[in-house]
Protein chains: 2
Amino acid sequence: MRLPTYADVLLAAGRISGAAHRTPVMRSRTANAACGAEIFFKCENFQRMGAFKFRGAYNAIAALDEERKRAGVLAFSSGNHAQAIALSAQIQGVHAVIVMPEDAPAAKLAATRGYGGEVITYDRFRENREEISARIAAERGMSLIPPYDHPDVIAGQGTAASELFAEVGELDALYVCVGGGGLVSGCALAAGELSPGCAVYGVEPEAGNDAQQSLRSGAIVTIAVPHTIADGAQTTHLGQYTFPIMRERVRDILTVSDAQLVEAMKFFAQRMKIVVEPTGCLGAAAVFAAGRELAGQRVGVILSGGNVDLGAYGRLLAS
Amino acid sequence: MRLPTYADVLLAAGRISGAAHRTPVMRSRTANAACGAEIFFKCENFQRMGAFKFRGAYNAIAALDEERKRAGVLAFSSGNHAQAIALSAQIQGVHAVIVMPEDAPAAKLAATRGYGGEVITYDRFRENREEISARIAAERGMSLIPPYDHPDVIAGQGTAASELFAEVGELDALYVCVGGGGLVSGCALAAGELSPGCAVYGVEPEAGNDAQQSLRSGAIVTIAVPHTIADGAQTTHLGQYTFPIMRERVRDILTVSDAQLVEAMKFFAQRMKIVVEPTGCLGAAAVFAAGRELAGQRVGVILSGGNVDLGAYGRLLAS
């Protein structure tokens, strides 16, 4: 098992160039004044299909050889990864099968089909998606692309940070949300090369602090699916690739409450006029909690995505 | 009475440079596909204090001579213009008095004071804000800066369009919201010089179509305060400066319903991940209503602002 390195992030940057958006970096006088710091928000909510996941998905498909591309790719997910694989495959002329629960929201099924993905549904109370996916992948010779524990997915996600450093220079700290650790480990690879003094922090919901437990105990800890509005961070454990990278390169894992995520979401809507999904607010909520502890620092934050259910989002804003 | 011209827009662009944001132009594959057109959204929701109003306010204050700057400026408004004057004055070291109703939302009073404005409140059921403002202006020798009917305000607002044309080139049509007509008349001056073939459309809420009536009848029509969620377009009549410019340079005035504004607001939040206030959605709602009629065209839309009450905004998104 070879762990990805910064060289893979560089390769990924070349592959996704022209397909992925080079997302904007936004600033806020209000946030800067509150922390006495200079804060740079890398806006992956403006990425294609609304989240950073496009980077890793596109890179993983682009890295396949021609024969494997012809056989197609497969993913199981009911979230942003499914749409990222469907869209990335469509752009590259690759067939994609997405295995989704049959009771997934109609909007998500439609969006995935809208991106050209072949959706195969299963009964999540009676069937196991890993088994179904493995069977289809074997039968059709398809490449299974997991949502985070894959070298090319990790390297692709790292381009979010390499773009940030290229635009704003070195940073004192970088705050990144953590689900399975694909984004934070990729970003940590970029930081290690482009801003060696930068402390990289992973941030997860306090209801599901498996990454914190894992890094502090030195072994991957698996938890039950956590109850949190950060639906992109409801993973139960880190991966075989992400954990060793994080252990070596991530300074610490912080946690924030759902109430802090809602406050951050409101801040982005009210003051910065942008829609950030709850998971995308993890890094910012930790920065706002740190407040004046960051005085004098140059701080990066990855806003990982902006895909919300309007009803739920609107109710949280009005709460 | 000398009407402003494109030369005044150019002067304004020089004055506001470095103080106002050069706001981004955003695009949407979804919107383009729906209309078969290429649509450019000029995002004044990302302008300082969250709306285009900063442009005109800053320009009007910058255009004063030193003696008048020392005497200070005065505005009456409970909306974006008040905050635009307060902030613009603070940046330029000019004292600003803002006359606001005593029952204005606490958040707006606080925001105006936060920008350094001296707030003078009045009882809107017993007192007349024009009389109060005129008295204070006379007593203190202050310059009253009205929200739209002022050559330097109009010229300042025109820089939103001159920046748009500079960035994307000539357009076939430009859709601009209309309250008192300051923004649309300034933008029409810019279009006349930078994109002479461009049809400029004003868009107002159908509940308050005074501008449509005025342009079609050839005289300024005054209506009662309209009931609409587009609170920035609840003006009752065009101005002595804005009307003749619009009559000469605006192709037509279109109207949209509040329901269409809500649909546009949802589109911006869901697909483009940006917060646009109801008034800011007027132009876009008209474009979405035109749909395929715009096929093959290059179309500009000014998103005028993003200042929302989170509770009301959230409830509309969830509706």
Side-chain angles (χ1 to χ4, degrees), chain A residues 19 21-30 33 41 43-52 54 80 83 87 90-91 107-108 110-111 114-115 262-277 280-281 303-319, chain B residues 19 21-30 33 41 43-52 54 80 83 87 90-91 107-108 110-111 114-115 262-277 280-281 303-319:
Chain A
H21 292 316
R22 199 175 172 93
T23 53
V25 176
M26 293 185 74
R27 304 169 196 214
S28 159
R29 282 181 171 78
T30 308
F41 298 100
C43 292
E44 289 297 296
N45 51 336
F46 293 134
Q47 187 51 266
R48 289 191 73 171
M49 44 70 56
F52 74 97
F54 181 78
N80 286 331
Q83 293 176 44
L87 176 59
Q90 183 183 50
I91 294 169
K108 287 195 171 178
Y115 288 133
V262 172
E263 281 312 299
M265 266 178 41
K266 289 182 178 179
F267 174 83
F268 288 119
Q270 181 99 70
R271 304 302 301 239
M272 294 181 66
K273 321 299 182 192
I274 58 176
V275 174
V276 185
E277 61 185 84
C281 291
L303 305 184
S304 61
N307 290 330
V308 293
D309 172 82
L310 274 194
Y313 177 71
R315 284 188 292 275
L316 288 175
L317 286 189
S319 68
Chain B
H21 292 317
R22 201 176 172 92
T23 53
V25 177
M26 293 185 74
R27 304 169 196 214
S28 159
R29 282 182 171 76
T30 309
F41 298 100
C43 292
E44 289 297 296
N45 51 335
F46 293 134
Q47 187 50 269
R48 288 190 73 172
M49 46 70 55
F52 75 97
F54 181 79
N80 286 332
Q83 293 176 44
L87 177 59
Q90 181 184 52
I91 294 169
K108 287 195 170 177
Y115 288 134
V262 172
E263 281 313 298
M265 266 178 40
K266 289 181 178 180
F267 174 84
F268 288 118
Q270 181 99 68
R271 304 303 301 238
M272 292 181 68
K273 321 300 183 193
I274 58 176
V275 174
V276 185
E277 61 186 82
C281 292
L303 305 184
S304 61
N307 290 330
V308 294
D309 172 82
L310 274 193
Y313 178 71
R315 285 188 291 274
L316 288 173
L317 286 188
S319 70

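Chain A is the first sequence line, chain B the second, and so forth, proteins listed ahead of strands; every chain is numbered from 1.
Listed in order of number, the residues of residues 21-30 of chain A that approach chain B to under 4.5 Å between heavy atoms are His21(A), Met26(A), Arg29(A).
One distance of note links CD of Gln270(B) with CG of Asp309(A); it measures 7.5 Å at 0.5 Å rounding.
Taking the side chain as every heavy atom from C-beta outward, Phe268(A) and Val275(B) never approach each other to under 4.5 Å.
Nearest heavy atom pair, residue Gly311(A) against residue Ala318(B), reads O-CB, 3.6 Å.
Side-chain N or O atoms of Lys273(A) include one that pairs as donor or acceptor with a backbone N or O of Gly306(B) at under 3.5 Å.
Note: Leu310(A) leads Leu310(A), Leu316(A), Leu317(A) in heavy-atom pairs under 4.5 Å with chain B.
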